[in-house]
Peer 1: 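Take this structure first; my questions come after.
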Amino acid sequence: MSREILPVADKAQVRAYARRLMVKYPRRLSAALALHGLAALSGLAGPALLGGLVQDVADGARDVNVSVIALAIAGFVAAQAVLTRFAVFASSRLGERVLAELREEFVDRVLALPLSTVERAGSGDLITRTSRDVDALSRTVRHAVPEILIALVTGVFMVGALFVVGGPLMAVPSLLAVPLIWISTRWYLNRSGPAYLREGAAYATLTEGLAQTVEGARTVEALGLEDRRRDRTDEDIRGSYAAERYSLSLRTVWFPAVEMGYVIPVVATLFIGGLFYTQDWVTVYQVTAGTLYIQQLVDPLDRLLSWIDELQVGSASMARLLGVANVPDDRAPSGATPDGDAIKAEDVRYAYREGHDVLHGIDLDVRPGERLAMVGPSGAGKSTLGRLLAGIHGPRTGTVTVGGASLVELPLGELRGQVALVTQEHHVFKGTLRDNVLIGRPEADDDAVRQALEAVDAWEWAEKLGLDAEVGSGGVSVSPAQAQQLALARLVLADPHTLVLDEATSLIDPRQARHLERSLAAVLDGRTVIAIAHRLYTAHDADRVAVVEDGRISELGSHEELVEAGGPYAALWDSWRR
Ligand code: ADP
């Protein structure tokens with residue numbers, strides 16, 4: 001199922017951004033370019049010196065000192081090597097710096113994404129963007145951009161030298177190759193993008209099919225599906241083969257055309273230059289130097305062409321990375337401040353997909369300090385309502401307020417101090433134990449961290465590890481129950497007056513459950529709790545029970561009242577008890 005919720009930036013946006021990046025460090029960029037330029041300049045000396053030598057010999061000069069010229073050429077080559085080394089160093093440093101900033105900017109963007117978008121988009125797209133696209137972009141920034149810059153600088157100098165030393169006339173023969181290279185490259189680039197996409201898609205299908213066969217091997221055997229699976233694999237291989245063959249066939253056209261494009265100018269310059277010489281339009285010196293320049297031009301041109309493909313891949317990734325910033329913010333802090341702790345939902349409707357409301361006009365007054373349980377059949381909308389009451393989504397119409405202020409008008413930090421959603425998901429971030437708790441309230445001191453850990457009964461093990469212990473991936477491993485305690489300690493630190501509990505303890509290891517339930521109880525103590533109850537005894541212990549059915553609250557009252565009333569809750573309770 002395609003869940004492309006996250007937008008992709010358009011071409012103009014990518015171009016503007018790339019331009020801004022290029023000129024962000026003008027001094028470093030000009031230094032790198034100047035070094036590349038100097039290296040290219042040193043490379044220009046060889047052909048000119050050789051051309052002079054040939055000219056002298058042709059003129060019959062007797063006092064030609066070949067050793068001096070050879071030494072000079074060697075000197076320039078050495079200078080070029082040294083300059084190139086520094087030039088590559090300078091441009092790599094610049095590239096790495098730009099890349100680091102790109103990454104940081106992207107992380108900021110992702111973190112600023114509206115929660116509702118993250119929830120709806122699912123993690124797949126974001127993970128692809130943070131891994132594959134960042135990798136692709138790194139390759140482009142690290143390799144393609146410097147290579148293309150070097151090729152451009154070198155190419156420009158070569159052409160300049162060709163005009164200055166060889167004369168404009170010597171540049172004419174190489175023009176023969178321009179249409180060939182231009183047309184074949186355009187032809188190729190227009191087709192290669194879609195062809196690579198097709199290759200990727202065919203490969204993905206093949207992998208997916210194989211993985212399914214392997215994962216479902218027992219089922220395949222049990223139902224005698226071997227032939228069908230084999231046929232499917234064969235077909236996928238055929239698809240993949242056809243896709244690879246197609247892009248290969250594109251390259252079999254482009255490569256020879258371009259290679260011809262490299263050779264033609266050299267031959268043409270030599271041949272036509274010779275003709276020009278017989279007409280006395282140019283000197284031997286010009287023909288020699290010009291031909292050598294043309295031959296040297298092949299290298300930058302080849303680099304340019306081979307990295308252009310990569311540049312396309314990089315710009316596609318950049319479009320996806322920049323696109324993340326195009327998600328409109330779903331919270332608009334209005335400066336409203338809550339007056340009191342009461343959470344109130346009024347005529348709330350919500351739709352994940354336009355035109356398909358899953359909540360149909362919910363009114364709910366949560367009394368400060370009460371335990372409210374939400375029960376009802378699966379898919380009735382309890383979790384959705386829970387997320388709305390925790391301010392994660394804004395309602396499509398209607399309002400959810402705390403102390404009269406709309407939840408989506410509170411800044412995120414402020415909101416988390418009012419109401420928080422507790423789910424069974426808990427994550428230990430890479431960093432120190434202290435950092436992991438401080439997420440709840442970054443400015444808290446060690447004393448507060450200790451108290452929070454004590455409150456959830458985690459201080460004993462936390463003290464043993466030490467607040468400076470590195471946890472998370474690569475650090476000290478923390479058990480799931482401990483991870484959950486850390487999450488609860490964060491909550492204690494953030495200190496919201498209301499908690500929305502969604503299946504908070506259902507996945508916990510039973511051996512740890514008792515312990516954790518105590519931690520949880522400590523956190524819940526003194527707060528308003530809205531519990532999405534999957535076990536009816538939670539409802540039994542609650543002050544009030546809201547029965548959610550088909551996106552509506554069909555019953556609301558205490559356990560006793562509802563049992564008395566003999567409605568849907570009474571029926572549920574009855575069947576649960578039996
Ligand atoms: P409950 O918590 O009572 O089981 P939910 O709030 O999870 O119910 O779901 C209510 C309705 O909203 C269901 O029809 C469900 O399919 C739909 N729904 C829930 N989450 C999403 C989502 N992320 N995208 C689209 N539809 C969703």
Side-chain angles (χ1 to χ4, degrees), residues 1-7 110 113-129 324 327-328 330-331 343 345-364 366 371-400 407-408 419-426 498-508 529-540 542 544-557 559 562 567-569 571-573 575-576:
M1 185 173 70
S2 158
R3 301 219 285 180
E4 278 261 286
I5 305 279
L6 299 174
V110 171
L113 269 181
L115 271 175
S116 55
T117 311
V118 177
E119 291 231 324
R120 264 182 300 143
S123 47
D125 195 10
L126 261 185
I127 288 178
T128 315
R129 291 187 197 217
V324 173
V327 178
D330 65 344
R331 324 188 61 82
I343 300 222
E346 271 175 302
D347 192 29
V348 164
R349 286 163 209 277
Y350 185 81
Y352 289 97
R353 278 180 303 138
E354 223 175 275
H356 297 269
D357 277 359
V358 295
L359 298 180
H360 311 278
I362 288 200
D363 293 300
L364 183 64
V366 184
R371 298 277 155 108
L372 177 74
M374 290 203 281
V375 300
S378 163
K382 301 181 295 293
S383 301
T384 307
L385 181 56
R387 286 203 282 266
L388 256 62
L389 292 174
I392 288 177
H393 304 307
R396 183 177 68 74
T397 64
T399 53
V400 182
L407 291 185
V408 286
V419 48
L421 179 72
V422 186
T423 66
Q424 53 197 281
E425 280 176 50
H426 40 73
T498 301
L499 292 175
V500 179
L501 240 57
D502 194 351
E503 303 183 300
T505 55
S506 61
L507 270 194
I508 292 170
V529 177
I530 303 163
I532 297 167
H534 295 266
R535 294 167 295 188
L536 278 199
Y537 66 77
T538 316
H540 175 259
R544 285 195 301 165
V545 179
V547 181
V548 182
E549 284 180 307
D550 194 21
R552 292 183 177 81
I553 293 185
S554 56
E555 279 188 305
L556 181 64
H559 169 80
L562 295 187
Y569 181 76
L572 261 175
W573 177 250
S575 68
W576 164 268

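Every number for a ligand or one of its atoms is a count from 1 in the order of the listing. Since this is a predicted model, take the numbers as computed values, not measurements.
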Peer 1: What class does the angle between the rings of Tyr350 and His393 fall in, given that below 30° is parallel, 30 to 60° is tilted and above 60° is perpendicular?
Peer 2: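 Rings of Tyr350 and His393: parallel, as their planes differ by under 30°.
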Peer 1: For Gly376, is the nearest heavy atom under 4.0 Å from an atom of ligand 1?
Peer 2: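 Gly376 does not count as a contact of ligand 1 under the 4.0 Å cut-off.
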Peer 1: Applying a heavy-atom cut-off of 4.0 Å, say which part of Thr384 lies close to ligand 1: side chain, backbone, both or neither.
Peer 2: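 Looking at Thr384 and ligand 1, atoms from backbone and side chain both fall under 4.0 Å.
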Peer 1: Holding to side chain to side chain contact (heavy atoms under 4.5 Å, CB included), I want the full list of residues that pass it with His559, two or more places apart in sequence or in another chain.
Peer 2: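 Per chain and number, His559 pairs via side chain to side chain contact (heavy atoms under 4.5 Å, CB included) with His540, Val563, Tyr569, Trp573.
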Peer 1: Is it true that Gly386 lies under 4.0 Å from ligand 1, counting heavy atoms only?
Peer 2: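 Flag not set, Gly386 not near ligand 1.
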Peer 1: Quick one: list whatever passes side chain to side chain contact (heavy atoms under 4.5 Å, CB included) with Val366, sequence neighbours left out.
Peer 2: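 Val366: side chain to side chain contact (heavy atoms under 4.5 Å, CB included) contacts with Ile343, Leu364, Glu370, Leu372, Thr528, Ile530.
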Peer 1: Grab the two heavy atoms, one from Leu389 and one from Ala345, that are nearest each other, plus how far apart they are.
Peer 2: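 Looks like CD2-CB, 4.2 Å.
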Peer 1: Would Val358 count as being in polar contact with ligand 1, using the rule that some N or O on each side must be under 3.5 angstrom apart?
Peer 2: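 No, no N or O pair falls under 3.5 Å.
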Peer 1: Number the atoms of ligand 1 from 1 as they appear, then name those within less than 4.0 Å of a heavy atom of Pro377, with their elements.
Peer 2: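 Close to Pro377: 3 (O).
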Peer 1: For a 4.5 angstrom cut-off between non-hydrogen side-chain atoms, does Val547 reach Ile553?
Peer 2: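 They are not in contact (no side-chain heavy atoms under 4.5 Å apart), so the answer is no.
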Peer 1: Number the atoms of ligand 1 from 1 as they appear, then name those within less than 4.0 Å of a heavy atom of Lys382, with their elements.
Peer 2: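 Counting from 1, the qualifying ligand atoms are 1 (P), 2 (O), 3 (O), 4 (O), 6 (O), 8 (O).
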